[in-house]
Amino acid sequence: MLKWLTVSFVFLILLVIFLADTGRLGFLGFINQIPNGDKLGHFILYGILTLLLDLTFIRSLPHRDPKSIVFSKGLILALLIGVEEYSQQFFRNRTFSLLDLACSYLGVIFFSWVALRIK
């Protein structure tokens with residue numbers, strides 16, 4: 001069940017990125033109207049993604065050290081998030097932001113910590 005939820009959430013994130021890149025966020029665009037709503041969105045969405053990935057991998061690899069799993073997955077996710085944020089400068093409807101990137105990374109760090117607590 002957790003694996004399917006994780007895979008579904010990955011596709012949700014990819015869909016949101018695609019819609020944002022193409023300027024078709026639709027009703028989700030209201031988040032940009034909320035002061036710092038996009039920052040909160042980065043923290044929450046990437047945080048939930050991190051939590052789901054962490055718990056899925058920790059439970060799928062019970063013989064590996066959970067801290068090692070969380071750390072290595074966190075580094076890979078941070079790299080992918082950085083590439084995605086950097087790529088925004090090539091889309092007319094997006095803007096690169098170090099603050100967005102920082103909020104994304106804080107979400108990864110915080111929710112990794114949560115995953116280690118509830119594993």
For this session: Could you go through the side chain to side chain contact (heavy atoms under 4.5 Å, CB included) check for Leu75 and Leu79 one step at a time?
Result: CA-CA 6 Å; Leu75 287 178; Leu79 176 66; over 6 Å; no
For this session: Give the C-alpha distance, both sets of side-chain angles, the deciding distance and a yes or no for side chain to side chain contact (heavy atoms under 4.5 Å, CB included) between Tyr46 and Phe111.
Result: CA-CA 9 Å; Tyr46 284 123; Phe111 282 88; over 6 Å; no
For this session: Provide the closest heavy-atom pair for Ser104 versus Ile81 in the form atom of the first, atom of the second, distance.
Result: CB-CG2, 3.6 Å
For this session: Quick one: closest heavy-atom pair of Val70 and Leu116, and the distance?
Result: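 Minimum heavy-atom contact is CG2-CD2, 3.7 Å.
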Side-chain contact test, heavy atoms from C-beta onward, threshold under 4.5 Å: evaluate it for [X] versus [Y] and give yes or no.
| X | Y | value |
| --- | --- | --- |
| Leu51 | Ile118 | yes |
| Ser97 | Lys39 | yes |
| Phe9 | Leu45 | yes |
| Arg24 | Phe18 | yes |

Exercise. Checking salt bridge (Lys or Arg N to Asp or Glu O under 4.0 Å) against Asp54, which of Arg117, Lys67, Arg59, Lys73 comes through?
Worked result: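 By the salt bridge (Lys or Arg N to Asp or Glu O under 4.0 Å) criterion, Asp54 pairs with just one of Arg117, Lys67, Arg59, Lys73: Lys73.
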For this session: Take Thr6 and Thr56 through the side chain to side chain donor-acceptor pair (under 3.5 Å) test and state the conclusion after the steps.
Result: CA-CA 7 Å; Thr6 302; Thr56 298; 2.7 Å; yes
Taking atom [atom1] of [X] and atom [atom2] of [Y], what is their separation to the nearest 0.5 Å?
| X | Y | atom1 | atom2 | answer |
| --- | --- | --- | --- | --- |
| Ile17 | Phe91 | CD1 | CZ | 10.0 Å |
| Ile48 | Leu52 | CD1 | CG | 7.5 Å |
| Leu99 | Asn36 | CG | CG | 7.0 Å |

For this session: Before giving the answer on side chain to side chain contact (heavy atoms under 4.5 Å, CB included), spell out for Asn93 and Asp21 the whole-Å C-alpha distance, their side-chain angles and the decisive distance to 0.1 Å.
Result: CA-CA 6 Å; Asn93 300 308; Asp21 286 349; over 6 Å; no
Problem set entry | hydrophobic_cluster_shared for Ile76 and Phe57, side chain cutoff 4.5 Å | no
Exercise. Side-chain heavy atoms under 4.5 angstrom apart, residues restricted to Ile, Leu, Val, Met, Phe, Trp, Tyr: same cluster for Leu101 and Leu80?
Worked result: no
Exercise. Judged by atom type as modelled, is there a donor-acceptor pair below 3.5 Å linking the side chain of Glu85 to the main-chain atoms of Leu98?
Worked result: no
For this session: For the residue pair Tyr86 and Phe90, categorise the inter-ring angle as parallel (less than 30°), tilted (30 to 60°) or perpendicular (more than 60°).
Result: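 The arrangement is perpendicular - the two ring planes meet at more than 60°.
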Exercise. Would Arg94 and Glu84 count as a salt bridge (Lys or Arg N to Asp or Glu O under 4.0 Å) if you check the C-alpha gap in whole Å, the side-chain angles of each, and the deciding distance to 0.1 Å?
Worked result: CA-CA 11 Å; Arg94 306 293 304 272; Glu84 192 282 322; 3.6 Å; yes
